[in-house]
Amino acid sequence: MTRLHLVLAAALSSTLAACGGVVPPPATQISRPPAGPPASAFTRPGPLIGTDARHLIQMFGQPRLDIRESTMRKLQFANGRCVLDAYLYVPPQGREPLVTHVDARTPTGTDIDAASCAAALQAK
């Protein structure tokens, strides 16, 4: 900064202070926090993870529910012994949606092991 700029800045600062104004501190660069892990880092290995809808239907028959949203598909399979919900999402490569999460429960709503439910659904 030249001397003239410093004098003008000081004069402006004094004028603002006399008017009750607040002189903001010089702008600082805001750093962004580092990006977190991808969603795939939270996927737990387990039965049916990575399976596409066609294979699920081959294993369990027609789903009781087939709910589609813009980026997700939920297939629900059930028999008298258990209910299995498979959540499919499009992978980063943009291929066919794949199972990334599975929930399993009894018809009364008690959580059960997804592998046991899958076996019960296949046994019919």
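Evaluation of the side-chain contact (heavy atoms from CB on, under 4.5 Å) rule for Y87 yields M72, K74, D85, Y89, H101, D103 as partners, not counting sequence neighbours. Under the side-chain contact (heavy atoms from CB on, under 4.5 Å) criterion, T110 pairs with T106, T108, sequence neighbours left out. Take S116 and apply the side chain to side chain donor-acceptor pair (under 3.5 Å) test, not counting sequence neighbours, and it matches D113. Partners of R64 according to the salt bridge (Lys or Arg N to Asp or Glu O under 4.0 Å) rule, which considers only residues two or more places apart in sequence or in another chain, do not exist here.
Within the structure, every pair that satisfies the ring pair (Phe, Tyr, Trp, His ring centres under 6.0 Å) test and touches residues 65-86, not counting sequence neighbours, is listed here: F60-F77. Note on residues 49-118: pairs passing disulfide bond (SG atoms under 2.5 Å apart), not counting sequence neighbours, are C82-C117.
Looking at heavy atoms from C-beta onward, Q62 lies in side-chain contact with I57 at the 4.5 angstrom threshold. In this structure, the side chains of L88 and L98 stay at 4.5 Å or more apart for every pair of heavy atoms. Residues V102 and L84 form a side-chain contact, since some pair of their non-hydrogen atoms from C-beta on lies under 4.5 Å apart.
The minimum heavy-atom distance linking M59 with L48 is given by the pair CE-CD2, 3.3 Å. Considering every non-hydrogen atom in both R73 and A53, the closest pair reads NH1-CB, 3.4 Å. What you find for A86 and V99 is that their closest heavy atoms are CB-CG2, 4.1 Å. Between A78 and V83, the shortest heavy-atom distance links the atoms CB-CG2, 4.0 Å.
Follow the hydrophobic side-chain contacts under 4.5 Å out from L121 and you reach I49 in the same cluster.
Rounding to the nearest 0.5 angstrom, the gap separating the CD atom in Q58 from the CG atom in D52 is 8.0 Å.
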